[in-house]
A.B. asks: 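Got a structure here, written out as structure tokens. Questions coming.
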Amino acid sequence: MAQEKSGLNEAINETVDWETLVIEPSKICRAPKLDGEEVDSQNLALKLNNIDAYYGKVQALRRVSFGVPTGAIVSLLGANGAGKSTTLRVISGMVKAANGDVELFGEKIVHISPEKIVARGLIHVPEGRQVFPELTVEENLKIGSYSVKQNNKERAESIDIVYTFFPKLKQRRNQIGQTLSGGEQQMLAIGRGLMAKPKVLLLDEPSLGLAPVIVKEIFEMLKNLNKQTGMTILLVEQNASKALKISHFGFVLETGKIVMGDKAQVLLANEDIKKAYLGGH
Amino acid sequence: MTTFISTIFGLAGMLFFFLAFIKDKPSTKRTYKMLAGAFILLFPFIMTSWVQGINTALVYAILAIGLNILLGNAGQISLGHAAFYAVGAYISSALVLHAELPLFLSILLAGIGTAIVGFLLGTPVLRLKGHFLGIATLGLHVLIYNLVKDKLKGVVFGASAKMPEVHKISYLTKSWEYSLKNSLSSLDYQIEILGKSKPFYYDFVDTITKSIGQITEYFIIFVILVLLVYMARNILRTKVGRALAALRDSEVAARMLGVNIAIFKNIAFGLSAFYAGIAGAIYAHTTGALDETSFELTISLMILAMIIIGGIATIQGAIIGAFFFQVLNMQVIPLIFSSGKGQMLGSTIMGLCVVLAVIFVPKGIVYMLWQMKIKLTQKRS
Ligand SMILES: Nc1ncnc2c1ncn2[C@@H]1O[C@H](COP(=O)(O)OP(=O)(O)O)[C@@H](O)[C@H]1O
Ligand SMILES: [Mg+2]
């Protein structure tokens, strides 16, 4: 069970009733700051309320509740198998929640199909990138714009915007997906997501299996993206310290439960967190 | 003598196609393309004995292009494609026989009708994946095949199961055939009664007269094929084509980008049924006899084999595969094995071809040609 793992959980369990609490960043702090920017933590882009999710009979999420403020970068941290990907899948509609609600800008989306959720401005860049191996970089990007009504000229402009964020993709524009390096594939997966002009971007372990230089490049890009466009980003990572450094908030999942949530700086400074998740970094 | 000329002509034609494909320099490429075009135009007049077989190859090419959209482009298997071939044949027959619609309109409507049938049947069937989808399409084939055999045949054709001459494509040039026959008999008259010598073009005109129906079919089917290739190319280059490719490469990723995969599976099924429907209609209006054996399961499997041998997911591959099989079947095999035995050995040899192709050129002939092309261009530079 989750609570058996470390001193961290015992400490939390003494103070908070985790079974019932809906963690919203607004409850944690009022005006978080990162690079001098303020985020209105009352205004939630995403809100999860007591989500239970199962794979067959195996319960993957237990009463998961948290919020993502509009315009913030929020990290969702946790060990392998904690339920991070499942959380994202529930949000994007790829896995149906057994109980609970997901709200996107105040509207319930928990019973809506993935296609319609995309159309409402939420993109989930999946674990393992999933670029289309036999389509070129540019064709991959074009599929990304599937949910937006735009003419060829507007689409070409969107593609150019993606290329300004990821100049490497421009060099590879006519290469097919499977011939790209891991880093380039990750960039393509993110770029393809951006083509849908999302208001909320979910990213599942973008750093997985990539060299530190590339990870740095991608995280820099995410920070810029958030700063320049105000896009809300929910970032799932095992690489906790790197993720928290570009985030406003962080939440920690352990065997399907949220066990902690706070401002990113606070989590970064937390000794227990360091021991459990930041070890080695 | 004529066999010799037609063999040389045929080999030259194949060479032109090959060179038009291989060559890179635009001017050279254009020259060979024009030569290949000339070959296409002259072919039925010179290789007259081949025309019927090649007409069948053209129809198979249409079928293969359609199945390739489903299998190669959208990644969904169908083992019962010949069912749609039958549906198209019967819709078009019913339209000319009972609604008395003009020939080409009914061929087009047969395509559209079959597409609708495919689109609708796609809904329950395409929820399945992989092996299960294969089995379900097999079941679909059995269902439609038996429906056609036991019910529709009698309803559409009555007792005869024959398409009257007037509804055949070859009927379009019936009047030319008559006038050619007339001029031939006047030549005969001049030779026999007036004792004139036989003009050098006599045999040529004689052969053309006998096969003018097939030649007409050849050109008509060819034009239809060109239109359908053009259509497939355009569809596959647009949003729909990309969505189908996304579906094939990763359903999950496609959904996550907002592609409504259910609809696109139906569209893929409908599109490939459209091609099968047109092919079936052409079949009905060329052979005239709608024997249910023409829609047997082996046809489905043969089309599948054509795509695999020709090259999956490319239009050229589908066409090359169809021609490869048909030429093997109609010309090469009978050449090696005279008479009855050839038929059975034919299927064996075709099966062997598939096995060999999967082992040695798993991506098909068209990829092999591309490899050759790449090697040649590298050598030069
Ligand atoms: N497709 C699936 N089928 C069955 N169980 C799954 C599936 N995906 C994940 N799980 C299980 O659900 C739990 C949470 O997994 P996941 O959300 O992938 O965790 P994380 O992304 O944090 O590594 C794990 O116990 C995992 O084994
Ligand atoms: Mg995961």
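Residue numbering restarts at 1 for every chain, and letters A, B, ... go by the order of the sequence lines. What you are looking at is a predicted structure, and each value in this text was computed from that prediction instead of being measured.
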A.B. asks: If you round to the nearest 0.5 Å, how far is CE of B:Met256 from CG of A:Leu88?
C.D. replies: 8.0 Å
A.B. asks: Counting neighbours of NZ on A:Lys116 that are heavy atoms of other residues, nucleotides or ligands and sit closer than 6.0 Å, is the number greater than 12?
C.D. replies: no
A.B. asks: Picking from A:Gly93, A:Pro126, A:Ala119, which has the most non-hydrogen pairs under 4.5 angstrom with chain B?
C.D. replies: A:Pro126
A.B. asks: Counting only non-hydrogen atoms closer than 4.5 Å, can you tell me which residues of residues 358-373 of chain B sit against chain A?
C.D. replies: none
A.B. asks: Does atom CE (B:Met231) have a neighbourhood of more than 12 heavy atoms from anything else shown, all under 6.0 Å?
C.D. replies: yes
A.B. asks: With a strict 4.5 Å heavy-atom criterion, list every residue of residues 127-165 of chain A that contacts chain B, or say none.
C.D. replies: A:Gln130, A:Phe132, A:Pro133, A:Glu134, A:Leu135, A:Glu139, A:Lys142, A:Ile143, A:Gly144, A:Tyr146, A:Ser147, A:Arg155
A.B. asks: Between chain A and each of B:Ala243, B:Ala313, B:Ala245, B:Ala246, count heavy-atom pairs under 4.5 Å; write down the option with the most.
C.D. replies: B:Ala246
A.B. asks: Do other residues, nucleotides or ligands put more than 12 heavy atoms under 6.0 Å from the CZ atom of A:Arg173?
C.D. replies: yes
A.B. asks: If you count heavy-atom pairs within less than 4.5 Å of chain B, which of A:Arg192, A:Glu115, A:Met195, A:His124 leads?
C.D. replies: A:Glu115
A.B. asks: With a 4.5 angstrom heavy-atom cut-off, could you sort out which part of B:Ala254 is near chain A: side chain, backbone, both or neither?
C.D. replies: both
A.B. asks: Of the non-hydrogen atoms in A:Met94 and B:Val252, which two are nearest, and what is the gap between them?
C.D. replies: CE-CG1, 3.7 Å
